[in-house]
Colleague: 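Before I ask anything, let me first share the structure, which is written out below as structure tokens.
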Amino acid sequence: MSGDRIQSGDQSRPVTAFREFATGAGLLGRGLGLVLRSPRLLLLGLVPALLAGIVYIVALVLLVRFLPDLAARVTWFADDWSGGIRGTTRVLGGIAVLGVGLLLSVLTFTAVTLLIGDPFYEKISELVEDRFGGVPDAVDIGFWRALRRSLTDSLKLVGVSILVGIPLFLLGFLPFVGQTVIPVLAGAAGGWLLALELTGVPFQRRGRRLRHRRVILAEHKPLTLGFGAAVFVTFLIPLGAIFMMPAAVAGGTLLARRSLGKPIAITSTPSL
């Protein structure tokens, strides 16, 4: 990719991996700009995100409520240890359980929210695509078939998130490596999974499944990772996943268009 060039006026400049990464991160900002200028998009995106947020908050409260019992269960091997060592082990076990829960909530929130709000996010993506030229090659697969596909792909991504997230979290306890390399790997893996999730609607509109997304986005890795990393970081902020979800869906639509070689320059000016 470093050898590619893009035109800017009369001058050309190399497309570097860093430039593509920055462009990908900027797509989230462009998505945020779109929804902030359109209360309709903002409300459409917030409703399912709020519903999913309530579910996750209740689950987190329950996790904290039963954390001592869960910590005792995961540190069963320390039952016969002396009081001080056993207590310290239980505290560390509790921190580990809470950390895994928080990490999984970040990695699975998007998939669950997209599933709950499929009609809402389908509409947001459609309005964004219309603003940037539409989808001439759209494929109508019907509501129930589309819902079934979304459910299947979401479950696959949730499963992958769990398989990737838990080992990365446990590796985070390694001295030095766990505080330097592992957070970067977690951000990259989490960002990649979020990008796959958030581009589901525009790809499905074109009749393409999860396997197609993986191949096409892999051809634009810096762009995809830039967008995904930006979403991952904002979702780590308390309530960030809820309030940034509409922007993430709009940005994911732009990422899909860019990856598919479609224009992302505005072609219609009416309000979204």
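Side chains are part of it too, since the values below use all heavy atoms of this structure and drop only hydrogens, waters and symmetry mates.
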Colleague: Is the shortest side-chain heavy-atom distance between Ile124 and Phe120 below 4.5 Å?
Modeller: no
Colleague: Would you check if the side chain of Arg257 reaches a backbone N or O of Lys262 as a donor-acceptor pair within less than 3.5 Å?
Modeller: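 Checking the backbone N and O of Lys262 against the side chain of Arg257, no donor-acceptor pair under 3.5 Å is found.
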Colleague: Could you report the tightest heavy-atom contact between Trp81 and Phe77, atom names first, then the distance?
Modeller: NE1-O, 3.4 Å
Colleague: Throw together a table of side-chain donor-acceptor distances under 3.5 angstrom for residues 88-100, partners on residues two or more places apart or in other chains.
Modeller:
from  : atom 1 : to    : atom 2 : distance (Å)
Thr88 : OG1    : Gly84 : O      : 3.1
Thr89 : OG1    : Ile85 : O      : 2.8
Arg90 : NE     : Thr75 : OG1    : 2.7
Arg90 : NH2    : Asp79 : OD1    : 2.3

Colleague: Measure from the side-chain N and O atoms of Arg208 to the backbone N and O of Gly200, and report whether any donor-acceptor pair falls under 3.5 Å.
Modeller: no
Colleague: Heavy atoms, side chains only, cut-off 4.5 Å: are Leu198 and Leu255 in contact?
Modeller: no
Colleague: Are Leu43 and Leu50 joined in one hydrophobic group, where the rule is that I, L, V, M, F, W and Y side chains link up if heavy atoms are under 4.5 Å apart?
Modeller: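 No; Leu50 is not reachable from Leu43 via cluster members.
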Colleague: Is there any salt bridge (charged side-chain N to carboxylate O under 4.0 Å, His left out) pair reaching into residues 51-74, and which pairs are they, with sequence neighbours excluded?
Modeller: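 For residues 51-74: none.
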Colleague: Please list, one pair per line, the donor and acceptor atoms closer than 3.5 Å that link side chains of residues 56-63 to other protein atoms, with sequence neighbours excluded.
Modeller:
from  : atom 1 : to     : atom 2 : distance (Å)
Tyr56 : OH     : Thr108 : O      : 3.3
Tyr56 : OH     : Thr108 : OG1    : 2.8

Colleague: Give the intermediate values and the outcome of side-chain contact (heavy atoms from CB on, under 4.5 Å) for residues Leu28 and Leu254.
Modeller: CA-CA 9 Å; Leu28 178 60; Leu254 295 179; over 6 Å; no
Colleague: Assigning hydrophobic clusters by single linkage (Ile, Leu, Val, Met, Phe, Trp, Tyr; side-chain heavy-atom cutoff under 4.5 Å), is Val181 placed with Val164?
Modeller: yes
Colleague: Applying side-chain contact (heavy atoms from CB on, under 4.5 Å) between Pro246 and each of Leu34, Leu32, Val35, report the one that passes.
Modeller: Val35
Colleague: Mind jotting down which residue pairs meet the side-chain hydrogen bond (donor to acceptor under 3.5 Å, both in side chains) criterion with at least one end in residues 194-205? Sequence neighbours excluded, please.
Modeller: Glu122-Arg205, Ser125-Arg205, Glu129-Arg205, Ser150-Gln204
Colleague: Using the rule salt bridge (charged side-chain N to carboxylate O under 4.0 Å, His left out), only one of Arg211, Arg148, Arg213 pairs with Asp153; which is it?
Modeller: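 So the option named by the test is Arg213.
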Colleague: Determine the minimum heavy-atom distance between Phe203 and Ala256, stating which atoms define it.
Modeller: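 Shortest heavy-atom separation between Phe203 and Ala256 comes out as CE1-CB, 3.7 Å.
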Colleague: Measuring from Thr110:OG1 to Leu196:CG, what's the distance to the nearest 0.5 Å?
Modeller: 11.5 Å
Colleague: Answer whether the closest heavy-atom distance between the side chains of Thr253 and Val201 falls below 4.5 Å.
Modeller: no
Colleague: Would you sort out whether Glu219 and Val215 count as a side-chain contact (heavy atoms from CB on, under 4.5 Å), showing the intermediate values?
Modeller: CA-CA 7 Å; Glu219 295 173 353; Val215 172; 4.1 Å; yes
Colleague: Checking Ala188 now: which residues fulfil side-chain contact (heavy atoms from CB on, under 4.5 Å) with it, not counting sequence neighbours?
Modeller: none
Colleague: Output the distance between atom CD1 (Ile264) and atom OG1 (Thr23), rounded to the nearest 0.5 Å.
Modeller: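 Output value for this atom pair is 8.0 Å.
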Colleague: Treating Ile, Leu, Val, Met, Phe, Trp and Tyr as nodes and any side-chain heavy-atom pair under 4.5 angstrom as an edge, say whether Val55 and Leu115 lie in one connected cluster.
Modeller: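 Each belongs to a different hydrophobic cluster.
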Colleague: Roughly how far, to the nearest 0.5 Å, is OG1 of Thr113 from CG of Leu46?
Modeller: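 Leu46 CG to Thr113 OG1: 11.0 Å, rounded to 0.5 Å.
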Colleague: Counting only pairs under 3.5 Å, give me each side-chain donor-acceptor contact of residues 222-245, with atom names and distances, residues two or more places apart or in other chains.
Modeller:
from   : atom 1 : to     : atom 2 : distance (Å)
Thr224 : OG1    : Leu217 : O      : 3.3
Thr224 : OG1    : His220 : O      : 2.9
Thr234 : OG1    : Ala230 : O      : 3.2
Thr234 : OG1    : Val231 : O      : 2.8

Colleague: Can you check whether Leu127's main-chain N or O pairs, donor with acceptor, with Arg131's side chain at less than 3.5 Å?
Modeller: no
Colleague: When clusters are formed by joining ILVMFWY residues with side-chain heavy atoms under 4.5 Å apart, either directly or through shared neighbours, do Leu102 and Leu185 land in the same one?
Modeller: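 No, Leu102 and Leu185 fall in different hydrophobic clusters.
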Colleague: Using only atom types and a distance under 3.5 Å, with no angle test, would you say the side chain of Arg86 pairs donor to acceptor with the backbone of Ala78?
Modeller: no
Colleague: Out of curiosity, does Leu70 fall in the hydrophobic cluster containing Ile162 (side-chain heavy atoms, cut-off under 4.5 Å, transitive links)?
Modeller: no
Colleague: Work out which heavy atom in Gly117 is nearest to a heavy atom in Pro48; give both atom names and the distance.
Modeller: CA-CB, 3.5 Å
